[in-house]
Amino acid sequence: MIRTPLGQALSITKRPRAPLQILLNIHMDTVYPPGDPSQPVMEIEGGKLRGPGVADAKGGLAVMLTALEAFERFGSTDDLGWQVLVNPDEEIGSRGSASLLAAAAKNYHLGLLFEPALPDGALVDRRRGSGNFSIIVRGRSAHAGRDFANGRNAVLAAAQLALRLHALNESNPGVTINISAINGGSPTNVVPDLAICRLNIRTTEPQDEQRILSSVRTLVVDLNSADGISAELSGHFTSPPKILDERTARLLEAIVSCGRDLGLLLSHRPSGGASDGNKLAAAGLPNIDTLGVRGDRIHSPEEFLFTDSLVERAQLVALLLMKLAAGDIDPKPFCR
Ligand SMILES: [Zn+2]
């Protein structure tokens, strides 16, 4: 096993005793390696800024800091405290910062996260959950010519398993199983004794996790009963689905109404991708996680943000903070 140390998380706290406490979170990591050829960041046609991570989520960092600066300068700040939590590992599943997120979820009333908005500016209202799994399939190797009947082909067993796993998509609405790899094999004159099937499972409702996992386990048990074949499942769900509960819906409505005040028509819809908002929501913190910039082509060399969205989103969040602090938006419904 190779261990790679993570960067440091950054936490800044202000007015921790104020009655309303807000968590502002975004990640500092991107999917791009140092020296990525899509550097340097540059302005391209159509009011766009292109570069690695500009939308996901460097633009969001700028929006968050500008909104806070405006709030601290011009808001009536006494009744609103906040923590900024910038984590270094979201793009690899926030394994290192999960405990920081879980602890923060307990201490705050609501969360504002600065992942990029959808390309048309829409907010994400709910997100699917996600988990990665592997199934190690073992058979028995044998000479393909001299002793074929004595072999138990692990690659073939894994392929049959993959078909049965894929078929679960049909019978489990709201769940998707993606078979992402089958690794294994041996020289052509050997019956292979090892294969690893890798899969990603996406869920819509919290109860999907146990239901689909028990179906997967049943297939693995079935495979274990085959002559000379054994199979072992590992992996887990890293993000529970983010559902639109009542408190989250109220926060969403408050943000949409701030948008209206600024002449922005904000729509919202679900997304298949998971974010740290999933983890915070599962730990009890209502949050909206797409308050960052408008942009597109994230995780590709063409990633860009619309420069006018930097100001637009900072104004939106600053106004939300000001209204919450002044009581123009009643914070009580968000509180537990
Ligand atoms: Zn992101």
Side-chain angles (χ1 to χ4, degrees), residues 13-26 60 63-64 67-68 70-72 74-85 101-115 117-118 121-129 204-207 239-271 274-292 313-336:
T13 306
K14 185 97 173 171
R15 290 182 295 279
R17 268 173 279 283
L20 179 64
Q21 292 291 327
I22 295 186
L23 177 73
L24 299 103
N25 165 245
I26 191 55
V63 167
M64 175 177 72
L68 268 183
F71 171 65
E72 289 296 326
F74 303 113
S76 44
T77 56
D78 289 357
D79 290 341
L80 192 154
W82 48 260
Q83 181 192 352
V84 163
L85 175 62
L101 292 164
K106 304 230 166 346
N107 292 334
Y108 293 85
H109 295 111
L110 49 92
L112 307 177
L113 281 73
F114 293 84
E115 292 288 348
L118 297 173
L123 301 166
V124 170
D125 49 19
R126 52 188 100 206
R127 288 180 183 273
R128 303 184 79 192
T204 303
E205 301 292 336
Q207 59 270 27
S239 284
K242 183 173 189 286
I243 55 169
L244 187 63
D245 64 8
E246 203 185 316
R247 289 183 302 153
T248 313
R250 281 176 188 271
L251 175 58
L252 182 62
E253 179 42 44
I255 293 168
V256 169
S257 100
C258 287
R260 238 180 270 124
D261 293 345
L262 295 167
L264 288 174
L265 286 177
L266 291 172
S267 60
H268 52 89
R269 59 178 184 271
S271 165
S275 89
D276 282 336
N278 293 53
K279 293 186 174 66
L280 291 167
L285 185 73
N287 68 82
I288 295 298
D289 61 8
T290 33
L291 293 165
R313 298 283 150 158
Q315 285 176 332
L316 177 69
V317 175
L319 183 62
L320 176 72
L321 293 172
M322 287 176 190
K323 285 193 162 206
L324 282 166
D328 295 340
I329 296 171
D330 181 9
K332 269 191 238 71
F334 308 118
C335 304
R336 280 165 276 202

Sidechain-backbone polar pair: [X] side chain, [Y] backbone, donor-acceptor under 3.5 Å:
| X | Y | result |
| --- | --- | --- |
| Asn287 | Leu112 | no |
| Gln21 | Pro16 | yes |
| Arg247 | Gly284 | yes |
| Asn278 | Pro240 | yes |

Do [X] and [Y] have side-chain heavy atoms sitting under 4.5 Å apart?
| X | Y | answer |
| --- | --- | --- |
| Asn25 | Leu101 | yes |
| Ile26 | Met64 | yes |
| Leu20 | Leu324 | yes |
| Trp82 | Thr13 | no |
| Glu72 | Thr77 | yes |
| Ile288 | Leu113 | no |
| Ser275 | Arg127 | yes |
| Lys323 | Asp261 | yes |

Write down the atom of [X], the atom of [Y], and the distance for their closest heavy-atom approach.
| X | Y | answer |
| --- | --- | --- |
| Ala314 | Ala67 | O-CB, 3.5 Å |
| Leu266 | Gly259 | CD1-CA, 4.1 Å |
| Lys106 | Ala283 | NZ-O, 4.0 Å |
| Ala122 | Ala117 | O-CB, 3.7 Å |
| Gly111 | Leu251 | O-CD2, 3.8 Å |
| Arg313 | Leu291 | CB-O, 3.6 Å |

Taking atom [atom1] of [X] and atom [atom2] of [Y], what is their separation to the nearest 0.5 Å?
| X | Y | atom1 | atom2 | result |
| --- | --- | --- | --- | --- |
| Ser257 | Asp328 | OG | CG | 10.0 Å |
| Ile22 | Gln83 | CD1 | CD | 12.5 Å |
| Thr290 | Leu123 | OG1 | CG | 4.5 Å |
| Leu264 | Cys258 | CG | SG | 10.5 Å |
| Thr248 | Ile243 | OG1 | CD1 | 7.5 Å |
| Arg250 | Leu110 | CZ | CG | 12.5 Å |

Practice task
State plainly whether the residues Asp78 and Arg15 are in salt-bridge range, i.e. N to O under 4.0 Å.
Solution key: no

Practice task
Given salt bridge (charged side-chain N to carboxylate O under 4.0 Å, His left out), test Arg126 with Glu205 step by step and report yes or no.
Solution key: CA-CA 10 Å; Arg126 52 188 100 206; Glu205 301 292 336; 5.6 Å; no

Practice task
Could you give me the CA-CA distance, side-chain angles and deciding distance for Asp289 and Asp276, then say whether side chain to side chain contact (heavy atoms under 4.5 Å, CB included) is met?
Solution key: CA-CA 8 Å; Asp289 61 8; Asp276 282 336; over 6 Å; no

Problem - Lys14 NZ: over 12 foreign heavy atoms closer than 6.0 Å - result: no

Practice task
List the steps and the verdict of side chain to side chain contact (heavy atoms under 4.5 Å, CB included) for His268 and Leu252.
Solution key: CA-CA 9 Å; His268 52 89; Leu252 182 62; 3.6 Å; yes

Exercise for the section: Go through the steps to decide whether Arg260 and Val256 satisfy the test side chain to side chain contact (heavy atoms under 4.5 Å, CB included), and finish with yes or no. Expected result: CA-CA 6 Å; Arg260 238 180 270 124; Val256 169; 3.6 Å; yes

